[in-house]
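In what follows, every chain begins at residue 1, and chains take the letters A, B, ... in the order their sequences are listed.
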2 protein chains.
Amino acid sequence: MDKRCERQKPKYQALKEYIIETIEQEGLKTGDKIWSENELAKKFMVSRHTVRQAIGELTNEGWLYKVHGKGTYVGERIDQKSSKIKTIGVMTTYLDDYIFPSIILGMDQVLSKAGYNLVLGCTYNHHDKERVCLENFIRSDIQGIIIEPTKSALPNPNLDLYRQIIDKGIPMFFIHGCYQELDCPYVVVDDTKAGYLATRYLIDLGHKSIGGIFKIDDIQGHYRFKGFQKALAEDGISLKDSNILWFDTDDIGEEFIKLDHKKFEVLIKSCSAIICYNDQVALKIVNAIKSMEMNIPDDISLVSFDDSQLAVVSEVKLTTVAHPQKKLGRLVAESLINKIDGREVKDKVKMEPELIVRDSAKEYE
Amino acid sequence: MDKRCERQKPKYQALKEYIIETIEQEGLKTGDKIWSENELAKKFMVSRHTVRQAIGELTNEGWLYKVHGKGTYVGERIDQKSSKIKTIGVMTTYLDDYIFPSIILGMDQVLSKAGYNLVLGCTYNHHDKERVCLENFIRSDIQGIIIEPTKSALPNPNLDLYRQIIDKGIPMFFIHGCYQELDCPYVVVDDTKAGYLATRYLIDLGHKSIGGIFKIDDIQGHYRFKGFQKALAEDGISLKDSNILWFDTDDIGEEFIKLDHKKFEVLIKSCSAIICYNDQVALKIVNAIKSMEMNIPDDISLVSFDDSQLAVVSEVKLTTVAHPQKKLGRLVAESLINKIDGREVKDKVKMEPELIVRDSAKEYE
DNA sequence: AATTATTTGTGCGTATGTATC
DNA sequence: AGATACATACGCACAAATAAT
């Protein structure tokens with residue numbers, strides 16, 4: 001009975017293809033009626049059952065829809081793949097503080113122009129929160145990821161998830177720093193150079209006794225410290241342990257940083273200038289020094305990092321090493337998009353920091 | 001032939017339900033074999049055709065898969081809905097500026113705890129960007145939306161998209177204000193009261209000639225102005241047109257606000273106190289007045305709105321009417337989640353503003 | 001290596017039910 | 001009320017894949 005001598009396609013399959021072709025060639029639109037089952041059966045000399053099988057599958061695939069008693073119609077042929085929104089996941093340590101809004105803004109400018117959505121995740125610099133974010137990203141259907149690492153100077157307990165992302169082939173860029181155990185593309189500021197610039201500036205102003213306050217659990221803190229050391233070493237200035245204060249994430253309160261008061265007082269008394277991990281820290285130091293009835297920059301000079309909004313709004317305008325912020329956000333977003341589209345990109349980018357001279361540091365008399 | 005006397009379910013439908021029940025009750029797992037078509041047909045006294053229809057649909061729905069020549073098996077029953085990441089879309093006018101990071105932070109705290117992703121969109125207070133964001137949200141698979149309206153005091157050209165969202169049944173909350181043409185749930189600050197509080201405070205300090213700088217294309221500007229008027233009227237203080245300056249989005253530059261210089265000078269000279277639309281404006285006014293070699297609050301008192309970070313960091317600590325920021329973000333996120341989960345929620349919430357007294361306003365002598 | 005039984009896949013014919021116009 | 005269209009249901013025949021004999 002079956003005349004498919006030479007491994008012909010099944011009849012219903014051929015019919016499906018014919019119907020799809022017709023829809024596309026005739027340019028039939030959503031809601032247009034197609035032939036009835038009986039018409040098709042007669043036309044193709046097949047049974048109505050066969051027609052129903054073809055139409056049934058097309059209905060399931062979204063090409064057609066049927067209305068009982070009326071007929072069969074062309075369905076919404078939304079090209080699901082191409083119309084699907086592309087999404088980039090962005091995970092940072094903080095959201096509201098500081099320079100992050102600007103960085104995210106820069107990313108948004110690029111991503112939204114390129115038709116991407118931006119999914120935000122925030123870790124508050126805690127590993128458990130980081131884990132939740134990563135799990136979300138993995139479960140979501142996203143095209144690329146931008147990560148600002150959490151406690152980047154410490155061993156990371158979420159490397160399994162990062163590896164999973166890499167294995168899945170999802171492009172991922174880091175900013176500010178990268179976990180040493182991973183070999184991922186990144187866009188960072190040259191923090192060692194930034195530390196060097198800040199310190200060199202103070203040395204050139206004549207300061208000989210320079211203290212520093214650095215963050216111990218972020219890799220940026222380590223690099224800035226490294227640049228600080230380098231500049232001192234160049235001029236043969238010895239580095240006293242008591243001139244360095246380290247703090248970590250948990251020391252940051254709403255209004256202050258928990259620093260060992262005695263150590264801080266020693267620092268203040270023995271140094272004519274202090275390098276502060278960032279503008280936020282610098283401002284807290286400004287307040288602390290002010291409450292000790294001393295004055296900046298007359299009694300103590302400060303240089304900080306980031307050039308955030310805080311730096312210019314404050315009472316004492318801060319001399320600070322600028323973070324590119326928006327520019328960095330844009331750059332990393334562009335790099336990621338290029339990577340997604342298969343274009344060649346620089347995998348490791350270091351951006352140049354720049355010293356912005358304002359009022360918080362002056363010559364040592 | 002058909003014995004469905006009392007509108008029974010179709011046989012294939014009953015069979016489908018039976019198969020699903022069996023899978024669930026027997027705890028059959030992926031890969032377990034079920035009965036053959038013929039077995040089922042005999043068992044239920046139906047034709048094989050009917051069995052095939054039932055199994056065919058279940059296959060399409062992912063319950064089963066078939067292997068030619070071997071049999072029919074239980075498929076991967078990934079509970080697609082529950083395993084899928086839930087997402088909330090958030091659209092604001094700005095990202096980096098000002099109080100928005102705090103608001104978004106508040107939302108993130110609630111949403112991430114409830115297992116939601118947060119998709120960000122930013123309009124830069126322009127309608128065309130707003131349109132793109134809304135289109136993205138509509139095309140994405142989103143469970144709920146939070147909107148800060150763009151140019152909320154002007155007629156909105158994107159109402160068609162908003163209506164589309166409402167028709168789709170996607171829960172949507174507004175913050176700060178809502179388009180008058182839409183009847184949507186919202187969480188706002190009582191801006192009229194905020195305007196009133198600020199003005200009353202100045203009046204109580206003895207000021208009689210009070211000016212105001214307001215934003216004309218955001219509804220918040222209108223409401224704050226309204227409260228301003230109300231307080232003046234209560235004390236029978238007449239309102240001179242020349243004491244009011246209006247600006248709009250396009251007047252905001254990186255470092256300044258374009259204000260008519262002559263009008264501004266008139267304002268400064270004829271008023272002993274000024275109500276500023278927000279802290280950002282206030283700081284620009286502070287700088288302008290400083291450059292005119294005048295002093296705040298000695299020569300002119302300022303009261304502004306929002307109590308942003310700027311208010312406390314600046315040289316002159318601003319007296320300002322506080323915006324709840326994080327709290328508002330949390331509240332609207334909680335409301336939205338409750339709505340999504342079908343719980344009852346307050347549809348229109350007005351939060352109470354609170355005057356924070358600092359140093360930018362003093363008694364009129 | 002060939003056969004056979006089982007199972008799903010393709011295809012036809014027929015009849016009746018039910019929604020729409 | 002009748003024509004048309006899709007929906008449900010039964011029956012049969014043969015093809016093709018699989019597994020066991």
Novice: How close or far is atom P of D:dC10 from atom CG of B:L15, stated in whole angstroms?
Specialist: 10 Å

Novice: Less than 4.0 angstrom from a charged side-chain N to a carboxylate O is my criterion; do B:K151 and B:E130 meet it?
Specialist: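 No salt bridge links B:K151 with B:E130.
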
Novice: Could you tell me how far apart A:L64 (CG) and D:dA5 (P) are, to the nearest whole angstrom?
Specialist: 16 Å

Novice: Checking side chain to side chain donor-acceptor pair (under 3.5 Å) for the pair B:Y124/A:D108: CA distance, chi angles, key distance, verdict?
Specialist: CA-CA 11 Å; B:Y124 308 98; A:D108 178 73; 2.7 Å; yes

Novice: Would A:K129 and A:T150 count as a side chain to side chain donor-acceptor pair (under 3.5 Å) here? Give the steps.
Specialist: CA-CA 9 Å; A:K129 241 330 226 144; A:T150 290; over 6 Å; no

Novice: Do the side-chain N or O atoms of B:K66 get closer than 4.0 angstrom to the phosphate oxygens (OP1, OP2) of C:dG9?
Specialist: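 Yes, B:K66 has a side-chain N/O under 4.0 Å of OP1/OP2 on C:dG9.
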
Novice: Nearest to the side chain of A:H68 - D:dA7, D:dA9, C:dT20?
Specialist: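 The nucleotide sitting nearest to the side chain is D:dA7.
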
Novice: From the list D:dC10, D:dA19, D:dA5, which nucleotide is the closest neighbour of the side chain of B:K70?
Specialist: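 Output: D:dA19.
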
Novice: For B:R52 and D:dA13, what is the distance between atoms CZ and C1' respectively, to the nearest whole Å?
Specialist: 14 Å

Novice: Just the rounded figure in Å: distance from C1' of C:dT7 to CD1 of B:I34.
Specialist: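 For the pair B:I34 CD1 and C:dT7 C1', the rounded distance is 12 Å.
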
Novice: Please state how far atom OH in B:Y12 lies from atom C1' in D:dC6, giving the value in whole angstrom units.
Specialist: 12 Å

Novice: When you check the phosphate oxygens OP1 and OP2 of C:dG13, does a side-chain N or O of A:R48 lie under 4.0 Å from one of them?
Specialist: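 No.
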
Novice: At what distance, to the nearest 0.5 angstrom, does CD1 of B:I103 lie from OG1 of B:T92?
Specialist: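 It is 8.0 Å, given to the nearest 0.5 Å.
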
Novice: Which whole-number value in Å describes the distance from B:E57 CD to D:dA9 P?
Specialist: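 My rounded result for the distance is 11 Å.
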
Novice: Checking contacts here: which listed nucleotide (C:dG11, D:dC6, D:dA9) is nearest the side-chain heavy atoms of A:K11?
Specialist: C:dG11

Novice: Check every atom of D:dC6, C:dT8, C:dT10 against the side chain of A:T72 and return the nucleotide holding the closest atom.
Specialist: D:dC6

Novice: Given D:dT8, D:dA13, C:dG13, which nucleotide is nearest the side-chain atoms of A:S47?
Specialist: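 The closest nucleotide is C:dG13.
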
Novice: Could you give the distance from CZ (B:F173) to NZ (B:K339), rounded to the nearest 0.5 Å?
Specialist: 5.5 Å

Novice: Quick check on DNA chain C: between A:V46 and B:N38, whose nearest nucleotide comes earlier from the 5' end?
Specialist: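 Its nearest nucleotide being more 5', the pick is B:N38.
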
Novice: Is B:T50 close enough to D:dC10 that one of its side-chain N or O atoms is under 4.0 Å from OP1 or OP2 there?
Specialist: yes

Novice: Between B:Q53 (CD) and C:dG9 (C1'), how many Å, whole number?
Specialist: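 My rounded result for the distance is 16 Å.
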
Novice: B:H49 has a side chain; which of D:dA5, D:dA9, C:dT7 sits nearest to it?
Specialist: D:dA9

Novice: Rounded to whole Å, how long is the line connecting atom CD of A:E39 with atom P of D:dA3?
Specialist: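 Whole-Å distance recorded here is 17 Å.
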
